[in-house]
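First listed ligand is number 1; within each ligand, the first listed atom is number 1. This one's a predicted model, so the numbers in the text were calculated from it and none came from an experiment.
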Amino acid sequence: MTEADRDLLLIPGPTPVTPTFAEAMARPMIDHRGPEFAAILRACVAGLRWAFQTRNEVFILTGSGTSAMEAAIVNTLSPGDRVLAVSAGSFGDRFGHIAQRFGAAVEILGFPWGEAIDLDAVHARLRSQPYRAVLTTFNETSTGVMHDLATLAQGHDALVLVDAISGALVADLPMDAWGIDVCVASSQKAFSIPPGLSFIALSERAAVSGTTAKMPRFALDLAPARDFAAKGQTPFTPAIPQFYALQASLDELQVIGLESLFRRHAARAAAVRDGVRALHLDLFARSHYSPAVTAVRAPQSIPVKRLLAHLRERYALTLAGGQDHLADAIFRIGHLGLTPDGDYAEALARLGRGLSDLGWDCDPSAGATAVDAALSAPAP
Ligand SMILES: *Cc1c(COP(=O)(O)O)cnc(C)c1O
């Protein structure tokens, strides 16, 4: 296999899994009610506290990220609760829709896709009447925008629920310091392990709200999860291989350190943006560029699906399309997790060749050159 045939999967999750984590998953099954699993669970919870920058309780659910979003809502709210869902993309909308489905009185405060949420407007709305909770997204994966949530929790009493699924470990989100009540994340994003586990951290206030929350729940009920956690167990059979991988991943991530992870993601994102511009393409986001994923406006002359299929078939490069009404307008390059830096220049090289095959006017190698230059420049 030559370098050019090597599959490159650069979507905003699932991320490629490093061989060490894949090997960890191949270990034999164990009893999920035995001491070995208890030790793994405790180590993973401790590692996740580090990842969320919290002293709060953290639960690990078997299920994709959306399970943790649903758990966040059903374990803190009751039908009829007034909830403000702040959204500027499809994941922000999803959080609001889950709350709606469980009977909350949801008001969506929407902002244009491609822009960041306007915290002044959010605060004004939160002051206008009492809300039980405010929901939002940290990194909006559908548009390539990262929202600034540093002051979101200030000046009101609403519970603050944050979908940090694609933003955790990518940029600073100190849950306790910023007063965030519930924060969720998922295994297949920057943890660089396969899909199947999701994570939820709850402030004391959020845990207390669970005792009166009336939304229906069974598999995602955190009350039994809390009782079982005390014994080093989960209420139901956990995805044991993913736990093996999670423990290995958290060990490695903690050696790297949060600051270094944040710097690495920011540097790569900037390099990918340089590469995209060097191919004469425009970014979809107007500001607050995401360190996890870059959304690119597709050339008008090349249908997105055709471009993505060509890159996959001819160059073994998998990028993501757009979601919802952006399906034919953008494509997205994921750059979260432990993917080696060198893969981004290689990806931009393949993207340049693919675009040029389809008639786009660019120097096919300019993107890779720009990425290389950005990533080899001394850190600021
Ligand atoms: C990936 C993602 C999700 C969850 O997706 P699942 O497919 O349920 O794992 C939710 N929110 C954001 C911001 C995401 O990036």
Trainee: Looking only at side-chain N and O atoms, does H288 offer a donor or acceptor that is under 3.5 Å from a partner on D148?
Mentor: no

Trainee: Only heavy atoms of S166, strictly under 4.0 Å: list the atoms of ligand 1 that pass.
Mentor: 13 (C), 15 (O)

Trainee: Which of the numbered atoms in ligand 1 are below 4.0 angstrom from a heavy atom of N139?
Mentor: 13 (C)

Trainee: Can you sort out which atoms of ligand 1 are near M69, meaning under 4.0 Å from one of its heavy atoms?
Mentor: 10 (C)

Trainee: Suppose we screen for salt bridge (Lys or Arg N to Asp or Glu O under 4.0 Å). Which residues come up paired with R217, at least two apart in sequence or across chains?
Mentor: D221

Trainee: Taking distance alone, with N or O pairs closer than 3.5 Å, would you say D163 contacts ligand 1?
Mentor: yes

Trainee: How far is atom 6 (P) of ligand 1 from the closest protein heavy atom, and which atom is that?
Mentor: S64 OG, 3.4 Å

Trainee: Counting only heavy atoms, which portion of T66 has something under 4.0 Å from ligand 1: side chain, backbone, both, or neither?
Mentor: both

Trainee: I'd like to check which ligand 1 atoms, numbered from 1 as shown, lie under 4.0 Å from a non-hydrogen atom of Q188.
Mentor: 6 (P), 9 (O)

Trainee: One pair to check against salt bridge (charged side-chain N to carboxylate O under 4.0 Å, His left out): D328 and K305. What are the steps and the verdict?
Mentor: CA-CA 7 Å; D328 297 319; K305 288 185 182 68; 3.0 Å; yes

Trainee: Could you identify the single nearest non-hydrogen protein atom to atom 3 (C) of ligand 1 and state the distance to 0.1 Å?
Mentor: F91 CE2, 3.5 Å

Trainee: Could a heavy atom of E140 be found less than 4.0 Å from some atom of ligand 1?
Mentor: no

Trainee: Report the nearest protein non-hydrogen atom to atom 14 (C) of ligand 1: residue, atom name, distance rounded to 0.1 Å.
Mentor: K189 NZ, 3.1 Å

Trainee: My understanding is that only residues two or more places apart in sequence, or in another chain, count here; which of them pass side chain to side chain donor-acceptor pair (under 3.5 Å) with D274?
Mentor: none

Trainee: Could you tell me, atom by atom, which parts of ligand 1 come under 4.0 Å of a heavy atom of G65?
Mentor: 6 (P), 8 (O), 9 (O)

Trainee: Looking only at the aromatic ring of each residue, does the gap between the centers of F37 and F243 stay below 6.0 angstrom?
Mentor: yes

Trainee: Establish, for the pair K189 and F199, whether the NZ or CZ atom is under 6.0 angstrom from the six-membered ring centre and no further than 45 degrees off its axis.
Mentor: no

Trainee: For the atom pair OH (Y344) and CG (L10), what is the distance rounded to the nearest 0.5 Å?
Mentor: 5.5 Å

Trainee: Could you list the atoms of ligand 1 found under 4.0 angstrom from a heavy atom of T141?
Mentor: 12 (C), 13 (C), 14 (C), 15 (O)

Trainee: At what distance, to the nearest 0.5 angstrom, does CG of L246 lie from CZ of F191?
Mentor: 7.0 Å

